[in-house]
Amino acid sequence: MNTVELSLGSCKPFEFMAPWRSIKAVCANDFALDLGTANTLIYTGEQGIVVNQPSVIAVEEISDKVLAVGHAAKEMLGKTSRAIRCIRPMKDGVVADSQMTALMMRQFLRTARRRRCLFKPQVVIGVPGGTTQVEKRAVIEALHVAGARAVKLVEEPMAAAIGAGLPVDKSIGSMIVDIGGGTTEVAVLTRNETLYSHSIRVAGDEMDEAIQRHLQKNHHLQIGILEAERIKLVIGSALPSGKRRFATVCGRDLST
Ligand SMILES: Nc1ncnc2c1ncn2[C@@H]1O[C@H](COP(=O)(O)OP(=O)(O)OP(=O)(O)O)[C@@H](O)[C@H]1O
Ligand SMILES: [Mg+2]
C-alpha cells in the first residue's frame, strides 16, 4: 500500500482554502428577495421559492414580541385587540415601518435558511423603478437589521422580465407590466438595460379600497379590507367578460 505524507507546510494556500470555501458555499444561504407590499417571496438557486407569504406581521404592543408573520398574521388583520399590533409594514412598494419590516424579514429569513450556519446570507432584492435614495437606504438598513450580510438592489421590472422568461439580453424590446399590491410598473427592456420605465403607486390595494368605498357609498355597507380583496378576486376581471358576476358580501349595515 502506498502512503502519502501530508503536512500543512506542503499545502499551497489555495489548496488549504478550497474546502473552507466549499463549506462556506454550502452554508452561505444566499437569497433573492421580493419584498412586496402584499407578498414576500424568497428564492434560492438550489431550492427555488422557499418563502411565499403575505407581508404582514403581528406583535405584542407592549414588548414588540413577534406573535405571527405571513399567513397567520394576515388572518389577524383588523381583528386584534389593542394589545396586539398587526400591520403591513410595506406601503406602495417601499418600507413604511422600518422596525416592523426588519422584524418580519428576520422571521422570513430564518424560515428560508436551511440550517444554522456561521454566515449571514447575502441577498439581492427588487425595488420599484423610481425608488428614491432614502427609500433604497431604508430597505438596505431593514435587511441588515433582519440579519443580511450584504444587500444588492435590482430594479423590479428587470427581475420580473427575467422571471417571465423575456429575452431581455437580446437586441429586441421586451415590455413588462407588473401590477402588484402597491405599485404598477411598466418598462421596456433591451440588451440587459431599461429603455423606458414608469412606476405609479396605484395597484391592487387601491382597487380594494375602491370596492370598500363603493359599498359604503352606494349600499351603506362597511366591509374590511380582506373582504374587499376577496370580492375583487371572485368577481373582478381585467377584461369585460360580457356577463354579470355576483358575490355575497359580509359587512356592517350602516343604515340600521
Ligand atoms: N387573480 C387576481 N385578480 C386580481 N388581483 C389579484 C389576483 N391575484 C392577486 N391579486 C392582487 O395582486 C396583489 C398582489 O400582487 P403581488 O404579490 O404581485 O404584489 P406585491 O409584489 O406584494 O406588491 P408590489 O410589487 O406592488 O410591492 C394584491 O392586491 C392581490 O389582491
Ligand atoms: Mg411586486
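Nothing fancy with the numbering, it's 1 onward along the sequence. Atoms within a ligand are numbered from 1 in the order they appear, just like the ligands themselves.
- Closest to atom 18 (O) of ligand 1 among all protein heavy atoms lies Gly180 CA, 3.8 Å.
- The minimum heavy-atom distance linking His144 with Arg149 is given by the pair CE1-O, 3.2 Å.
- More than 12 heavy-atom neighbours from other residues, nucleotides or ligands sit within 6.0 angstrom of CD1 on Ile172.
- Protein heavy atom nearest atom 2 (C) of ligand 1, with residue, atom name and distance: Leu233 CD2, 3.5 Å.
- Annotation for Lys79: atom NZ counts as buried by contact number, over 12 foreign heavy atoms lying within 6.0 Å.
- For ligand 1, the atoms lying closer than 4.0 Å to a non-hydrogen atom of Ala38 are 14 (C), 19 (O), 20 (P), 22 (O), 23 (O).
- Counted within 6.0 Å of CD1 on Ile179, heavy atoms from surrounding residues, nucleotides or ligands total 12 or fewer; the atom is thus considered open.
- Around the CD atom of Glu75, the shell of radius 6.0 Å holds no more than 12 heavy atoms that belong to other residues, nucleotides or ligands.
- Of all the atoms in ligand 1, the ones that sit under 4.0 Å from a non-hydrogen atom of Gly204 are 29 (O).
- Within ligand 1, counting atoms from 1 as listed, the ones closer than 4.0 Å to a heavy atom of Lys232 are 5 (N), 11 (C), 28 (C), 29 (O), 30 (C), 31 (O).
- Here the heavy atom of the protein found nearest to atom 20 (P) of ligand 1 is Gly181 N, 3.7 Å.
- Proximity to Thr183 (heavy-atom distance under 4.0 Å) selects the following atoms of ligand 1: 24 (P), 25 (O), 26 (O).
- Here atom 21 (O) of ligand 1 lies nearest to Gly36 when heavy atoms of Ala203, Ala238, Gly36, Gly93 are compared.
- Residue Thr37 holds the heavy atom nearest to atom 27 (O) of ligand 1 of all those in Thr37, Asp178, Val234.
- Of all the atoms in ligand 1, the ones that sit under 4.0 Å from a non-hydrogen atom of Glu229 are 28 (C), 30 (C), 31 (O).
- Taking CD1 of Ile235 as the reference point, atom CZ of Arg230 lies at 9.0 Å (rounded to 0.5 Å).
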Assess the residue pair Ile42 and Thr111 against the criterion (side-chain contact (heavy atoms from CB on, under 4.5 Å)); give the C-alpha distance rounded to whole Å, side-chain angles, the decisive distance to 0.1 Å, and a yes or no. CA-CA 10 Å; Ile42 302 183; Thr111 308; over 6 Å; no
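- Protein heavy atom at the shortest distance from atom 17 (O) of ligand 1 is Asn39 ND2, 2.8 Å.
- Between the CG atom of Leu143 and the CD atom of Gln122 there is a distance of 13.0 Å, given to the nearest 0.5 Å.
- Looking at ligand 1, you'll find an N or O of Gly182 within less than 3.5 Å of one of its N or O atoms.
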